[in-house]
Each structure stands twice: as structure tokens, then as C-alpha cells.
J.: 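Below is the structure I would like to discuss, written out as C-alpha cells.
Lettering follows sequence order; numbering is per chain, from 1. This is a predicted model, so every value here is computed, not measured.
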Amino acid sequence: MKLIIAIIRSERLNEVLEALYRAEVRGLTISPVRGHGGEVEQVETYRGTRVKVGLQDKMRLEIGVSEPFVEATVNAILESARTGEVGDGKVFVLPVESVYRIRTGERDEAAVTPQAPGAPV
Amino acid sequence: MKLIIAIIRSERLNEVLEALYRAEVRGLTISPVRGHGGEVEQVETYRGTRVKVGLQDKMRLEIGVSEPFVEATVNAILESARTGEVGDGKVFVLPVESVYRIRTGERDEAAVTPQAPGAPV
Amino acid sequence: MKLIIAIIRSERLNEVLEALYRAEVRGLTISPVRGHGGEVEQVETYRGTRVKVGLQDKMRLEIGVSEPFVEATVNAILESARTGEVGDGKVFVLPVESVYRIRTGERDEAAVTPQAPGAPV
Amino acid sequence: MILQADAGGAVPISAGDTAWLLVSTALVLLMTPALGFFYGGLVRSKNMLNTLMMSFASLGVVTVAWAAIGFSLAFAPGNAWLGGAGHAFLVGVGVEGGAWGPTPHLLYAAYQGSFAIITAALISGAVVERMRFGPYLSFIFLWSIAVYAPVARWVWGGGWLGTLGALDFAGGTVVHINAAVAAVVAALVVGSRRDYGRAALLPHNVSFVLLGTGLLWFGWFGFNGGSALAANGTAALAFVNTLLAPAATLVCWMLLDAFRERNITAVGAATGIVVGLVGITPAAGFVSPASAMALGALVAFPSYFAILHRPRTRLDDSLDVFAAHGLGGITGALLVGVFAEKAWGGKEGLLFGNPGQLWTQAVAVVASAAYSALATWLLLKLISLVTPLRRPDHEEARGLDLVQHGEEAYTRGEGAVLVQPR
Amino acid sequence: MILQADAGGAVPISAGDTAWLLVSTALVLLMTPALGFFYGGLVRSKNMLNTLMMSFASLGVVTVAWAAIGFSLAFAPGNAWLGGAGHAFLVGVGVEGGAWGPTPHLLYAAYQGSFAIITAALISGAVVERMRFGPYLSFIFLWSIAVYAPVARWVWGGGWLGTLGALDFAGGTVVHINAAVAAVVAALVVGSRRDYGRAALLPHNVSFVLLGTGLLWFGWFGFNGGSALAANGTAALAFVNTLLAPAATLVCWMLLDAFRERNITAVGAATGIVVGLVGITPAAGFVSPASAMALGALVAFPSYFAILHRPRTRLDDSLDVFAAHGLGGITGALLVGVFAEKAWGGKEGLLFGNPGQLWTQAVAVVASAAYSALATWLLLKLISLVTPLRRPDHEEARGLDLVQHGEEAYTRGEGAVLVQPR
Amino acid sequence: MILQADAGGAVPISAGDTAWLLVSTALVLLMTPALGFFYGGLVRSKNMLNTLMMSFASLGVVTVAWAAIGFSLAFAPGNAWLGGAGHAFLVGVGVEGGAWGPTPHLLYAAYQGSFAIITAALISGAVVERMRFGPYLSFIFLWSIAVYAPVARWVWGGGWLGTLGALDFAGGTVVHINAAVAAVVAALVVGSRRDYGRAALLPHNVSFVLLGTGLLWFGWFGFNGGSALAANGTAALAFVNTLLAPAATLVCWMLLDAFRERNITAVGAATGIVVGLVGITPAAGFVSPASAMALGALVAFPSYFAILHRPRTRLDDSLDVFAAHGLGGITGALLVGVFAEKAWGGKEGLLFGNPGQLWTQAVAVVASAAYSALATWLLLKLISLVTPLRRPDHEEARGLDLVQHGEEAYTRGEGAVLVQPR
Ligand SMILES: Nc1ncnc2c1ncn2[C@@H]1O[C@H](COP(=O)(O)OP(=O)(O)O)[C@@H](O)[C@H]1O
Ligand SMILES: Nc1ncnc2c1ncn2[C@@H]1O[C@H](COP(=O)(O)OP(=O)(O)O)[C@@H](O)[C@H]1O
Ligand SMILES: Nc1ncnc2c1ncn2[C@@H]1O[C@H](COP(=O)(O)OP(=O)(O)O)[C@@H](O)[C@H]1O
């Protein structure tokens, strides 16, 4: 079990989702974040107040996958999220000790394997 | 030390918070997220533009707990967040190397043990 | 490789960002969260509806760093985020198995080492 | 807005009076979108569009109902209970002046229509976040014909309450009590929100509540001031009282909040303003400015305490339509009987030696409330025989915007995928 | 808004008519900010300020253009095609009444100016989220002089279309068709948004769309009602038709949505209201209330289906200016030729035995559309010779608010660091 | 808004003039909520409700103060410095016309009151995000009586500045300079925000800033146009100048932004519009349309550069009340002395051979500024003896909405738990 955390450009989200879909990733969770990296800073002006905004809007993906899927998932993200410009983001792979599916209480592999709602538990 | 990450239905948040309270979990952090899983997709229409929204609003909880509390915490979440319908969410348990309480600089167990503000450090 | 997750007071964000900058941390990702800890709860009233809001606005930082930087980074956060009042937050250090820089596909150390956009890969 | 039957010869148009009635009509029409924002800010964001649409749709549905038959039932020649069908589809309604004053008949019909529109929309505050949209549309369509038009007839159209001598300058009974009683009935028939009383259901955008309040107050100057149907001293009196009374209510409400809650709330201030506006509505052209201020201060009390108490009851009148419009309207309608003065355009009230007026006012309050309750109940039961009034609980949990309108009020389009053309 | 040449003797001012024209001018001027919110709610939040500014800026740039020369070209003595420079910089425009009525000349100029302002702003809906702001400003400045003023001349300023007998009460051709055709041309010349047709580009704030709609409708009462240039029966008729027609369109649109989409959408309702308002504009003071309702219902159809279809085409008329204002305007302008009645202030239309009027209407539609298309194309090409009309794609992706205005509409200031004074 | 003492015989009411004054009063009253949104959009979201309430509360508190005694002090018979108590609680104020014109006395009192309300609210822009709400309420209550009423007396109520011949059409001195000087004093006495100059304090919702701007401009037509107190040529002139001048300011401001900052900002455009409106206020009914445009362009400069510079000073006039209203008002008040023309309703100014007028204008500016500064300082010191003006720093950090009002402007109710009834 691994947890893959990816920080990507917001505007690449749809491409990444599609790529993940093709990689047979069925469950994931996303949230909007702001990131700081090597990109140039934006200057904004509000009346006399001038500010440097060093944070860019990014999208964060969190995907729990079982070992055999890790590589495919990471590759899907790397390929679909890339523009080649600074600011494309990062992917982190974290170890996970256990995963549960809340609906059924299933653990680990079973918890992240897609499963029809009415199927026997 | 473990970090428990739970993705739950937004509308179960209050029940989960109560259950965690009863399980003596005193510290946690939440954020709104959107998730994709086995749920049916929503179709939205804005004038002639028809879109499929495959993401549902969910709530993400992040709870650092010391080993003896892990099981109780996970169980509290599993029970309180369950509705039995597809989309109830997942719980991930991640290993943590160290935890610090910013206010005092305390580490690990001490950092997540509730403590009166005025108590000697 | 470690992933440092810090929950801090929103109003200390700028100080923390500065401290991290001085600690030579160049990449990080932040998101607004709400946290529950030892702080007193706020009571709000909307017409006849009175509610207790046990969650405070916090900021969450996520920073991937290579081993030699962990201590400096944690210390920078601990010092800059501290006010001494209850509610200053926590820092978690998590193990990471691998990191990728999306733009270049670089792995691990290389992925989090700042690098000029035009530099040879 | 004094009643009249159709008069004989055409009255010539006065440009000044017509200008004011044109403006007043526009102002009252603005109140319906304003109400949408007042109500919409108070609900959760997943129901924002549904709540807004409950108001905006009234501008379509009730307008059509009013032009088709409502105006005729209320104001065409007929009897003390109902007008005839003589002005159905606005037939015979031209641009000459008449018994209502030196302003075009058609404009008078539209001005009255603008009251019907907002009255229907007011009811929605009691059933937000749960009622199905289709049945709601049918309901307000029918309600404006079967409930609003008759009550308007009775009070303003030459009907029995007007003849009895009941004073209602701009709609304490016709608009506010009428809508508020209907709201309570609707809340009871439709039932509570599934999480009412268990979860904290908080306003998603208090700024919008205040935006709605500001625009409502602005529009209300046309509501009350325009009810003089001319740009004269009465219009000025009604207008100024519409400034003074809510100001007094607002001050009173802030003091109550400060002493009881230690916090002067913005939602409270908005509510107080609306309550003051409701309270002065039946009285605006009949009482002195000083009385208007007294009335404004007094009207704060019943509503303030009712609103504090209501969430502890099982009545999910979600946005407190009854506490604000019902109690405000009743208090105002009764206080007309106390403060009215002949010298300021009304008849003498209790304070000026005519206790009988208070009694007449009470009759008008009870009659309109009783009819509204009964008829609203019947209409809703009727509709519920044809189609359910609510969605299943799990859909209500997702929010009516998605489930009923297929839209979200606020979206960043994350993860939305274009569907190819059918 | 009937045309006239400058008359001889000064006409005395009527306070009532002047009051209404003052109010109407203010109402029309409010429509431009309202349009900003209508449009702004429909774009993504990263382009909100740019979209709002496209409307607000028109209040600056076009006002100056109108005062400098536009008014003169449209309404000063001249020929059937263009006015002279006699009223440039409002020289010779005083506060006496004249051929336009018993209202101050200056006020008449401002009232007409308020139409020029919103017409220019309407075009922006076709080029939002991509056009550079500087070229946009130059464009609307020039467009209001070179396109709006001549067409206004033709129809209202004593020009050839007016002489021909074309009926356009408040701007079906001059305002809506004119702007909509310009919008299509602008969308073509500027080109599609980089992600048009590929990504889901969703409205960031539908509440704002409805806020804009409410304020637009409110303002439109001055747009149509004020076009009578007096507080008289015609004003009342135009006003009431401006309530009835869009109400009918709204009901129709909701039914279409319900039957075709199974969801009554809020964006749809807002669109329907605007289409109804556009449709009744050329007809407001010429048709009976019943005809207005019929017209309102009919006008829904072409726009409804065009809006469904447009996103599948390659024409990125982003906010459907053509489907709403173009088709609405054309349908309305033609239906005037059908429903107009002498008894209600117009000339007889097709239904009343005068099929020729329909033909005259068609000529006006085609003439204004053709001129607008040609002149708009020339202007934009001219500007694009001097400076590019767009920003590079990666800047468009970041959003025009940041890239063009150096601001964000909604910010929490996270991680923003003060820059020390220069 | 020319001054007068109470006249002898009652003047008959003119419907047309009354219609316009009714509308103008409503328009000016709308400006106070509008100001709330203009100011509210500029603060951080945690202080939104507090900022809105600072405006809305003025509609309660100042209205009551005005009716109780303010109007009497300003306009009842008395001397050149202050009126008597003859009209306290509006006693003796009826619905007849009088020296102010053929409009109801009561309406005149309300119209003047609407100016007092917004003037007090304007001050709040200098103390947002930190001042306690209770002391603020006491302050504006007292200020409207002790500062606003006297200055209104001097200029418009038959007082010494009016007698001296100072021209102030709609409130350059009485409203804008008066409020702006009070704002500076308030900012100094209350002190800076705890993080002023250290953190980036950014507008949380620029859309609301523009919404406020749009509604302010709309209301300002009643502010300036209504100050003619009749629907006549002067009203038309004042109205049209209120369109032309801010349009010129807006264009000027955008050009300054474009050349100095390379970005035309939306907050800048909103500010420019307000500055133009302020500038034309004292001049609206006295100068030609062409002069109005010149004045509008000129008034941009001092405010533009002052606003750029202010954040580098230690004066936390948070929303630049002085730079916008103070400098705009002073520039406008002085330029009246330059551009005024007898032919357009004023007296001759410098350009028309009467340099003395400029001097009179300067006296009026200095006198009202000096009095306002002194009296404001005294009032605030007085209040601060009774109760602190601010909350402790850590509460300010949490935001005044929570700490002062117990509410949040925008909430999703996450983790909020119902508290059971007391
Ligand atoms: N060390 C890090 N830890 C967490 N997030 C990071 C880190 N480095 C970069 N990021 C995230 O990735 C985004 C892009 O990184 P950046 O360094 O700008 O570009 P690139 O990866 O192309 O060199 C940042 O905005 C930030 O959100
Ligand atoms: N593999 C995963 N990684 C991260 N989040 C997931 C994963 N699978 C599901 N989720 C989250 O859990 C939510 C519910 O999951 P879903 O598969 O729809 O239901 P269920 O767990 O009941 O089968 C999703 O919306 C998503 O937020
Ligand atoms: N065990 C925990 N897991 C996750 N987040 C926590 C935990 N404990 C505290 N937090 C976060 O840290 C914030 C501050 O913690 P709190 O206990 O109030 O203060 P302190 O750390 O000063 O004792 C909380 O609001 C919450 O967001």
C-alpha cells in the first residue's frame, strides 16, 4: 500500500484525471493548494499597496494504491501533468500501513479495489 | 506515532467529530476536498455546455495519534462515518517519524498528549 | 527523503515562509485547513441558532526535503510559528519512498534540489 | 393604496404622479430579486440557486397569473368578495386615469401585480432547502390567484374589509400576514428539513443577506411611498415613515442584541430592518412621523423574541417568515388602530379617541389569516396528491442546486469534463 | 424614442416628464454595472475583474466619446446618414425643451448616451477571458463613434431608416442587433479561447449572474419606459410590456428546460429573462399587453435552441451575445411588424392588415446588421495592425485579472509580501 | 441644495418636483449600503460584516439622531451658527411646500437626513478592521449632531458660510471634506491596525468593491441631481455633470494606471469613479458640462498620487477616505471657484472674471475642515474616557466579525455544533 501525493498545475487536472482513468486508477481525492517553487513571482497592486505573491494555484492529488499499481500511477501522472515549464510540480510516494474502506470496513488491498456497490462483501 | 488520514462524507463530519471526541481524540485538522470513487457522476448544464462532474465534495481529516490510540481512532471513524452507500470514503494509516508541538517544542508522544496551557513543560 | 507536514496559525504564515526561505527551503505547498485542539471554542449566533465552533482556521504546509535538511526545516518552523499561546499547531515528519519532479522526471534528491529552468537535466 | 371601483369618465394623466408610480412599480419589482438575496444568503451554499430561483421564478409565474386573471379577480367590477373576469388578460385595461388616480390603468395593474409577485415569493422562506421546485411553481401560481387576489379584493378592491373600515396602507394584512400564515402552513405540510434541529444550518453568505436588505429597503420606498398612488403629501409621509420606523427598529434590535447576546449581529440587524419595514407597511400613510418611530421601536419586541425561540420548536419555518412578516404585520396592523390620525391622512386610532378602529383592525387580521391558512393548506394538499412535495433525504443532503437545477452556485470547474453533443 | 430634428422655439420644461427622464437615465446607467455582474458571474474567477472592467470602463470611455462627438453625429442637424459636428463637446446643448419633448436637451443627450454606453459593453461578452484590455478600450471608443452613432442616426436621429418607417421603440436594431453582430465579428477576429471546446469553462458565480439579471430588468424599465421621453400613457405601456414580455419568456424558458433537460436551470432563467427583455425592446410602446406576452413567449424559442447549439460550433461567442441579443433583437424587431397596433401607439402591423411593415422591419434589421458587421471588422483589423488583440496562451491560462490588471478578485492574501516603496 | 429660512405662506406641492425628490431621497439612501460594499470589499473577509455594519448601522443611529435633533439644529429657525430646537422630533414639519420649494417639508427633512447618514458612514473607512463597534455607534450618533448638523447649517441652512457666498451644490464641504477630516482624526486617535505596514492587507472581494461603486454612482444621481430640489433644468445639469465628470476621472485614472503601473487596476477604476463623483459634488449645478469634464479630469491627480503615497506613511487611513473624499472634495470645492458660471446657475468663477469666488471657497474649506477636526477629536477623546476604542491585539487578529458580532460572513458550518437552548 502506498499513498501517492501529487502537486500539479490546476489547468492540467483534466488531463491527469484522464490519464489516471486509463491507468485504471478508480479512487482519488483532490484539493486546491498553493505552491511555491522556482516560478517567477507575481506582483499585484491594490491602490498604494504593492505585494509580491510567491504562491501559485496548484492542485493536490492524493491516491491510495496497492504496490503493483504504483509505477503505472506515477508514470501516468508524470506524463500527463508535464508541460516542461517550471512549476509542473512534484509527486511523492509515501508508505501506508493500512487502508480501510469505510462503507464495508474492508482492509488494505480490498479497500482500494473497485467493487460494485451491491456485490457481496 | 501514526498519521491517520480519513476521507469522509461532508455531511457525516459532525457525527465523526463526536465519535472522535468520545474516543478521546483531542487534536485534529480537517479540510474540504473533492473525491472520485465509485459514485455515479453528476451531470450539470450551463446553457449549452453540458459537463460530467466526477468529483464529490468530501471532508478530509488528518489526525496524529500515538500507537495505543490508533485502533480506537480508526474504529471510531469507521463506525461514525458509515452510511452503507457507495461513497463513504477511506481511512489511511501512515507511519510518522516524529511529531512536534510548536508551542512547546515537545516531541512525539508528548506532542500529541493534551496538556493544560499553563502546565509545566 | 521526508515529507514535513506543519499545521500553523494562519497569521504566522508570512513569518514561517520567511524563516523557511532563510533555511534554504525553496519548494513547498500550502493549503488552508481548520483545526481542533486545546483552544477555547467560539460561540456564534445566527438568529435563534446558537452554535459552538470548535474549529479554528489554520494553515497547512507540506514540504518535501532530503534528509540533511530535515532538522533545519523543522527548527525554522518551530521557531517562526511559535507564539506561546495554545493553538500554535504541530509538525509531523513522514517517511517518503520516492519523489519525482514532474517537469523533468528526476527522482529523489534531484527532484527537490532547486535547479535553473534551462539547466541540463 | 385605497380601494376603488371602476369610475365613470376617464381621468386625465398627471405626468408627476405617473412618474412616481412608474418608479414605484420598478422599485417594488426590484424587491423580489432582493428578497432572493436576503433569503439566499441565509441558506447553505448547496441550496443557493434554488432559493434565488424561488424568488426569481415568481417574477415569471405570478406575473403571468396576475395578468391572466389575478388582477381581474382583485380589481375588476364584481362583488365584495371577488372581482369578475372583466379584466382577464388585461382586457379593457388601458392607459387612461380612473378612480385610482390620474395615472394609467395599466400601470396601476402592474403596480398591484408587483405586490402579488413579492407576496408569493415571501412564502418560500419557510420551505427552502427541501421543497421540490415544480410543485413550488404550481403552488405560487395557484396561490396568487386563489389566495392573494381575493384578500387584495377584500381590503383594497372595494371588498368587505375595506368597507368595514380596516386600514391597511400598503399591505400589512394583504401582503405580510397573508404570506406569513401561508408560510407556516407550508412549513407544516412540507415538513422540516431532514437535519433540522440536529445539525447547525448556517447562512452561507451574510454579505448577500445585507445586500438583499439594502435593496429591500430601497424598494420598500416604492412599496409604501407608491401606495399613495400619487406624488403628494401622503406619498412623502409614507416614504419618510418608511425611513424612520425601520431606523427605530434597527436601533432597538441592536440594543436588544447588545444587552441579551453581548454581540450586535449583522443577521440580526438585517432582520430588524425588515421587521421595521413590515411593521410600518400598514401604517405608513396614516400615522405621524413620531408615531412611526414609536411603532418601529415597538414592533421589534415580538419578532425579536419569537426569532430567538423558534429554532427550539419543531416548526421549521426556516427563514422565520412568520416571526418577521407575521408578527411584524400583525403588530403593525394592530398599531395602526392605535396610532392612526386623521390629521395625517388616516382615521383616528385608539390614542386619538377611537378604540373601535383597533377592533376593526383585529377583524381584518383574523379574517385574512384564517382564509390564508385554510386555502394554503388545501392548495398544498391538492398538489401533494398529484406529485410529491419533496425529494428523498439523500438528495436533500446533496443540495437542491445539484438535484433540482443541475447546477452549482459557485464552482471552479475542477474535474468537470465536457460531454459531447447529443 | 422617436426621432426629431432640432425644433424652432424652446419648449417649456415639464417637471413630471423631466422627473421620469432623470430616473430613466439613472436606470439605464445602472444597467452597465449590472451587465458586468451578469457577464462576470458567467466567467471563471480568474477573469472576473477583467470582465467587470469591460463594462465599467465603457462608462468612462464611451461617455467621453459620446460627449465629444457621438451625440453630435447621431442627433445634431445633418443629413439622413450622419449628424454634423454642431453639438461636438455638447456645445449648444442647453437645458431647454425641444423637439424631443418638454425635457432638458442636456438630459436627452445623456439619456441617449446611456444607450451608447451599454451597447458597447454588450459586445464584450463575445471576447471575454482573452482579449487584451487596451485594444478593447480603443475598440469601444471608436466603435461607439463609428458604428453606434450612425446607426442611432438612421433610426432615431431623423435618418433614413426612421424616414422609411422602421419601428424601433427602444433599440432592437440600434442596440441589440448592432451589438450582437459586432460581437460575432469580434469573436471571429479575436479568435476562440485557447481551451474553448476542450475544457469545461463554467460560471464561477451564478449568484452574480442572477444579481446582474435582477438589476438589468430593473434598469430596463428605464430603458423601455423612458424611451417614451415623457411620463405618459406610452411610458406606462412600454413599462408594463417590459414586465409582461420577459415574464412570459421566463415561463416559456423554464418549461423548455423542464421538458428538454429535466432541470430548470438558474443560468437558463437568467438568460430567458434577458432574451425577453431584448425581444420586447423594439416593440414596447407599439403593441398591446397581450401581444407583448405573446411576443415574449415566442422570442424564447430561437434563442433557446441557438444557445444549446452554439458551444458545439467553432464560434466562441463566449457568453452568447448573438443568441441572446442578436436573435432576440431580430425576432423582436420582426414581430413589431406583426403585432404593432395604431391603437397602442405604433403603426398597424401584419396582424392588423399591414404586411408592408414587416418588410420595413426586415430592411432595418439587415441594414444595421450589415453596417455593423463591416465597420466592426474594419475597426478590429485596424487596431490589430497597431497592437496584438490577445496575450500569449500561457498568460491567458493564468487569467486576465493577474496578467492584465495585476489583481485578483478574491484573495486571502496568503503568502503575499509587501513590497517596499519605490 | 440652496439654503432657506422657513418661509411664510405654504407653497403648493408640485407632483413632478415631489416625484423627483422622492426618488432622489431613495437613491441617496441606497448609497449607504452601497458604501458598505465598497468598503467591505476592500477589507479582509474576517472583518467584512463589521465593515458592512458600520454603514448599515448609520441608517439606524444617524436617522434617529437626525429626526430627534439634527434636522432642527441644521434647518430650524435660529442663528447663523445653529438652528433652534423648533423642529426637534420633527415637530412642526408637515407635508406642505415652503422656502425649499414646492415639495413636502417632511420629504425635505428626509432628503437632508440621507446626507447626514452617508456622511457619518464615510468616516468608518478610516477605522475599519480595528475600532470597537459600540464606541463607533456612539461616535457617529454624536458626530452627526455635533459636527454634521452645524456645518450643514453654515452652508445650507442660512448660516454664515452660505451668507458669505460660498458655493457648495451638493456637499463638497458639508459632506466630503467634513467626513474626510474627521476620518483622519479618527485614524490618528484610534491608531493603526496592529499589522499595518508589516503585513499585506488585501481586499477580500474586489467584485463587491465594484458592486458598491456601481450602486454609489447610481445613488449619486439623486445626491447631486436631487440637490436642485426640483425636476428642472438645474437638476438635469447636475445630473449630467454627475455622469460626465466621473467618466473623465475614470479615463484619466486608467491612463495614469496604464502609464505608471502598466496595469489598469479594477480597484483603481472604482476609486477613480468615486473621486470624480466627489469632485463634481460641490460644482454639479454651477458649471457647464464641458467644465465638468475638465474638473473631472483634474480632480484625478491629487487623489491618485496621494493614494499611491499614503501606505508608506504612518497614517492608517485604511480605505483612503482622506485621499478620495478629502482631496477630491477640496479640489472640487476650489474648482467651483474657477469654473462656476452664472449662465449655468452658479456665480461667476475665476475663469469668468471673478477671482474673489475662489477665496470664498477657500474660506469655506478651511472653516469646515478646522471645525470638523477639532470637534471630532474632542468627541473621540470623550468616548475613549468612558470605554476603550479598540480590542486587544489578539482579538483584532481573529477578526472583528467573530469578536464583535459573533458571526462569520462566509461559512460552511464545518464542525459547528448546535448549542441547546438556554
Ligand atoms: N519540496 C517541495 N515540497 C512540497 N511541494 C513542493 C516542493 N517543491 C515544489 N513543490 C510544489 O510544486 C510546485 C512546482 O514546483 P517548482 O519548483 O515551481 O517547479 P518544478 O517542479 O517544475 O521545478 C510548487 O508550486 C509547489 O506547490
Ligand atoms: N484510492 C483512493 N485514494 C484516495 N482517495 C480515495 C481512494 N478511493 C476513494 N477515495 C476517496 O473516497 C471517496 C469515496 O470512495 P468511493 O470509492 O466512492 O466509495 P466507497 O469507499 O464507499 O467504495 C472518494 O470520493 C474519494 O474521495
Ligand atoms: N493530533 C493532531 N493531529 C492533527 N492535527 C492536530 C493535532 N493536534 C493539534 N492539531 C492541529 O494543531 C492545531 C493547534 O493545536 P492545539 O492542540 O490547539 O495547540 P497546541 O499545539 O498549542 O497545544 C489544531 O487546531 C489542529 O489543527
J.: Among the options B/Val25, B/Val96, B/Leu28, pick out the one with the most heavy-atom pairs lying under 4.5 Å from chain C.
T.: B/Leu28
J.: Measure from the side-chain N and O atoms of C/Arg82 to the backbone N and O of B/Ile102, and report whether any donor-acceptor pair falls under 3.5 Å.
T.: yes
J.: For C/Glu71, is the CD atom crowded, meaning more than 12 foreign heavy atoms sit under 6.0 Å from it?
T.: no
J.: Which answer fits C/Lys90, side chain, backbone, both or neither, if we ask what part of it has an atom under 4.5 Å from a heavy atom of chain B?
T.: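 For C/Lys90, heavy atoms of backbone and side chain both lie under 4.5 Å from chain B.
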J.: So for B/Arg107, is it side chain, backbone, both, or neither that comes closer than 4.5 Å to the heavy atoms of chain C?
T.: neither
J.: Which pair of non-hydrogen atoms, one from B/Pro95 and one from C/Pro95, has the smallest distance, and what is that distance?
T.: O-CD, 3.3 Å
J.: Nearest 0.5 Å, what's the CD1-OG1 distance between C/Ile5 and B/Thr29?
T.: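 If I round to the nearest 0.5 Å, the distance is 10.0 Å.
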J.: Decide, yes or no, whether a salt bridge links B/Arg103 with C/Glu85 under the criterion of side-chain N to carboxylate O below 4.0 Å.
T.: no
J.: Heavy-atom distance under 4.5 Å to chain B: side chain of C/Ile4, backbone, both or neither?
T.: neither
J.: What distance separates C/Leu94 CG from B/Lys2 NZ, expressed to the nearest 0.5 Å?
T.: 10.0 Å
J.: Is it the backbone or the side chain of B/Leu3 that comes under 4.5 Å from a heavy atom of chain C, or both, or neither?
T.: side chain
J.: Just how far is it from atom CG of B/Leu13 to atom CZ of C/Arg34, taken to the nearest 0.5 Å?
T.: 10.0 Å
J.: Please state whether the side chain, the backbone, both or neither of C/Leu55 comes within less than 4.5 Å of a heavy atom of chain B.
T.: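 The side chain, not the backbone.
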J.: Measure C/Val74 against the heavy atoms of chain B and call it side chain, backbone, both or neither at under 4.5 Å.
T.: side chain
J.: CZ of C/Phe92 to CD of B/Glu62: how many Å apart, nearest 0.5 Å?
T.: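 C/Phe92 atom CZ to B/Glu62 atom CD measures 7.0 Å (nearest 0.5 Å).
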J.: Do B/Tyr100 and C/Val93 touch side chain to side chain, with heavy atoms closer than 4.5 Å?
T.: yes
J.: Minimum heavy-atom separation for C/Pro32 to B/Ser31, with atom names?
T.: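 Closest approach of C/Pro32 to B/Ser31, heavy atoms only: O-CB, 4.2 Å.
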